[in-house]
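Lettering of chains follows the sequences in order, A, B, ..., and the numbering in each one begins at 1. This one's a predicted model, so the numbers in the text were calculated from it and none came from an experiment.
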2 protein chains.
Amino acid sequence: MIFADLLRSRRRHQLTADDLAALEASVSGLRSLPARTTMISRDEPVRTSTYLMEGFMCRYMDDQKGDRQLVAVHVAGDFVDLHGFPLGYLDHDLATLTACQVAQVPHAALDGLMVTRPNLTKLLWFSTLLDAAMHREWIFRLGRLDAIARVSHFICEIETKLRAVGRSDGSSFHLPMTQADLGETCGITAVHMNRMLRELKDRQLMTIRRNQVDIINPAGLAELGEFDPSYLFLDNTG
Amino acid sequence: MIFADLLRSRRRHQLTADDLAALEASVSGLRSLPARTTMISRDEPVRTSTYLMEGFMCRYMDDQKGDRQLVAVHVAGDFVDLHGFPLGYLDHDLATLTACQVAQVPHAALDGLMVTRPNLTKLLWFSTLLDAAMHREWIFRLGRLDAIARVSHFICEIETKLRAVGRSDGSSFHLPMTQADLGETCGITAVHMNRMLRELKDRQLMTIRRNQVDIINPAGLAELGEFDPSYLFLDNTG
DNA sequence: CGCTGTCTTGAGGACGGTCAATGTTCGTGG
DNA sequence: CCACGAACATTGACCGTCCTCAAGACAGCG
């Protein structure tokens with residue numbers, strides 16, 4: 001069952017068995033990718049899209065000095081570059097954080113599905129717009145929150161996403177990102193990220209140690225990060 | 001010709017006369033909206049989508065203190081809330097900046113188009129992903145650029161968008177945003193925005209006066225703002 | 001057991017925020 | 001045509017958050 005986590009906790013019930021079977025039939029291959037590897041570079045034409053079955057990936061852009069800005073962090077169940085199907089190329093790089101298992105779907109097959117399966121098409125469209133909604137929240141985070149609130153917000157977001165696909169129990173989960181990665185996500189330096197994480201620990205909100213996140217006070221963390229999960233379009237709000 | 005500016009300079013040639021006719025036939029009504037009015041509030045269900053024929057609109061989110069963060073600025077030719085069609089509700093507010101002329105398309109009609117017109121569907125999907133690409137660039141801008149570069153980048157973006165629909169000659173255009181609006185776009189205060197605009201003038205890069213932007217040194221402005229228009233997916237790059 | 005990447009901590013400085021006062025523009029109505 | 005008020009723009013002084021630079025501690029891995 002390749003697409004076991006696709007749209008899980010998010011309208012998955014609208015995916016009929018037929019649609020799922022058609023999607024699975026469109027898969028051209030499964031691949032294993034090593035950790036910390038750039039899979040697609042910006043501007044290169046793409047002819048397949050990638051579904052992430054297991055692992056963590058991220059999308060990022062570079063500035064003139066070569067510093068990165070992450071624009072998305074992906075977990076199991078995400079169609080990481082489905083937007084490349086209508087767009088034709090990516091405006092950013094796509095890389096793995098951990099070793100990953102992915103399934104690839106040729107765009108030619110997706111064109112076929114668009115003709116015969118409007119319901120599936122609309123759900124795939126929905127999934128790309130979910131990413132856009134997260135982008136908007138990231139804009140909000142960078143534009144309106146200070147450093148400690150940004151970190152809190154991001155941790156709440158990633159926890160909620162992981163919980164939606166059964167990878168978090170609500171308080172504890174694996175997050176394979178260094179403090180430098182987190183800084184590149186939140187628009188602050190690694191040094192300042194370190195200080196913010198210390199402060200979150202001091203305030204008894206959460207700890208990170210060896211890629212393991214423990215949320216001590218979920219409500220307090222969400223409050224500090226002004227986190228409201230409605231932009232994640234979950235079936236069961238909360 | 002309602003959709004004269006739809007996807008203009010961006011794959012409009014892929015829109016067949018048939019597709020355009022079908023889209024126009026789906027329009028349920030034209031409306032005039034007054035300036036500075038909230039048209040859709042977040043979380044309320046939406047049953048139609050709005051195409052902007054003339055004027056400026058924006059999308060924004062509020063923080064706990066009530067301060068705004070703009071997440072998009074829309075110009076003629078934009079389908080401002082087409083993402084509401086697959087999503088079902090908006091995760092942000094949608095408001096006019098100027099008086100606007102809009103056309104409304106019921107989602108029920110779009111469902112019909114999805115069944116019969118995969119080519120049109122893919123182009124509409126594309127247009128929502130264009131917004132997502134701009135979101136990513138906004139994340140980059142807020143996360144990696146300092147204040148003056150953010151302003152430069154935004155001005156380059158809006159100029160390019162306006163030029164694509166014939167509303168800018170490349171150096172001079174109308175931009176109905178106050179310095180407070182620009183601050184809410186770039187994640188800085190109105191006071192600091194004022195200082196940055198003065199510096200851009202002092203550096204002989206651009207001026208703004210009474211909503212009129214004059215770009216004195218386009219190359220210099222793009223350089224300062226690290227602006228590369230490839231994320232706008234224009235037909236003629238450059 | 002040493003190398004490398006990651007984390008931690010400190011000191012000093014710059015960028016942008018806050019607060020507050022003043023100037024300018026423009027629409028409205030007398 | 002002028003008076004008025006409201007919104008917008010401008011400027012200055014002060015301050016805090018976060019950055020920069022630098023050194024050292026720690027952990028994982030060959």
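Taking the six-membered ring for Trp and thresholds of 30 and 60 degrees, A:H153 and A:F140 have ring planes inclined between 30 and 60 degrees apart.
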Task: Stepwise side chain to side chain contact (heavy atoms under 4.5 Å, CB included) test for B:Y51 and B:I2 - done: CA-CA 9 Å; B:Y51 171 78; B:I2 295 175; 4.3 Å; yes
Donor-acceptor pairs are to be reported for all side-chain atoms of residues 196-209 of chain B against protein atoms at under 3.5 Å, with residues two or more places apart or in another chain.
unit_1: B:E199; atom_1: OE2; unit_2: B:R203; atom_2: NE; d: 3.1
unit_1: B:E199; atom_1: OE2; unit_2: B:R203; atom_2: NH2; d: 2.8

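Rounding to whole angstrom units, CG of residue B:L97 and P of D:dC8 are separated by 12 Å. The interatomic distance linking B:I188 (CD1) with D:dC18 (C1') rounds to 16 Å, in whole Å. Between B:Q212 atom CD and C:dC26 atom P there is a gap of 13 Å when expressed in whole angstrom units. Rounded to whole Å, atom P of C:dT8 lies 10 Å from atom CD1 of A:I208. To the nearest angstrom, C1' of D:dC18 lies 13 Å from CD1 of A:I148. Look at CG on B:N194: it is 15 Å from P on C:dG16, rounded to the nearest Å. Atom pair A:E199:CD and C:dT8:C1' shows a separation of 16 Å (rounding to whole Å applied). Separating the NE2 atom of A:H192 from the P atom of C:dT6 is a distance of 21 Å, rounded to the nearest angstrom.
For the side-chain contact (heavy atoms from CB on, under 4.5 Å) test with B:M193, the passing option among B:E184, B:Q179, B:R150 is B:Q179; the others fail.
At a threshold of 4.0 angstrom between heavy atoms, the contacts of A:R150 with the nucleic acid are absent. As judged by a 4.0 angstrom heavy-atom cut-off over every strand, A:R209 is placed among residues touching the sugar-phosphate backbone only.
At least one side-chain heavy atom of B:M177 sits under 4.5 Å from a side-chain heavy atom of B:V73.
Where A:R195 and A:N211 each meet DNA chain C at their nearest nucleotide, the meeting point lying more 5' is that of A:N211. DNA chain D is contacted by both B:V191 and B:R36; B:R36 maps to the nucleotide lying nearer its 5′ end (nearest heavy atom per residue).
Taking the centre and axis of the six-membered ring of B:Y60, the NZ or CZ atom of B:R68 falls inside the cone set by 45° and 6.0 Å.
Phosphate contact (OP1/OP2 of C:dT9, side-chain N/O of A:R198, threshold under 4.0 Å): present. A sub-4.0 Å separation between OP1 or OP2 of C:dT6 and a side-chain N or O of A:R210 is absent. Between A:T189 and the phosphate of D:dC19, there is a side-chain N or O to OP1/OP2 separation shorter than 4.0 Å.
Contact check on A:R36 versus A:D181 returns a salt bridge, with a Lys/Arg side-chain nitrogen under 4.0 Å from an Asp/Glu carboxylate oxygen.
Contacts between residues 174-186 of chain B and DNA chain D, counted as heavy-atom distances below 4.0 Å, involve B:T178, B:Q179.
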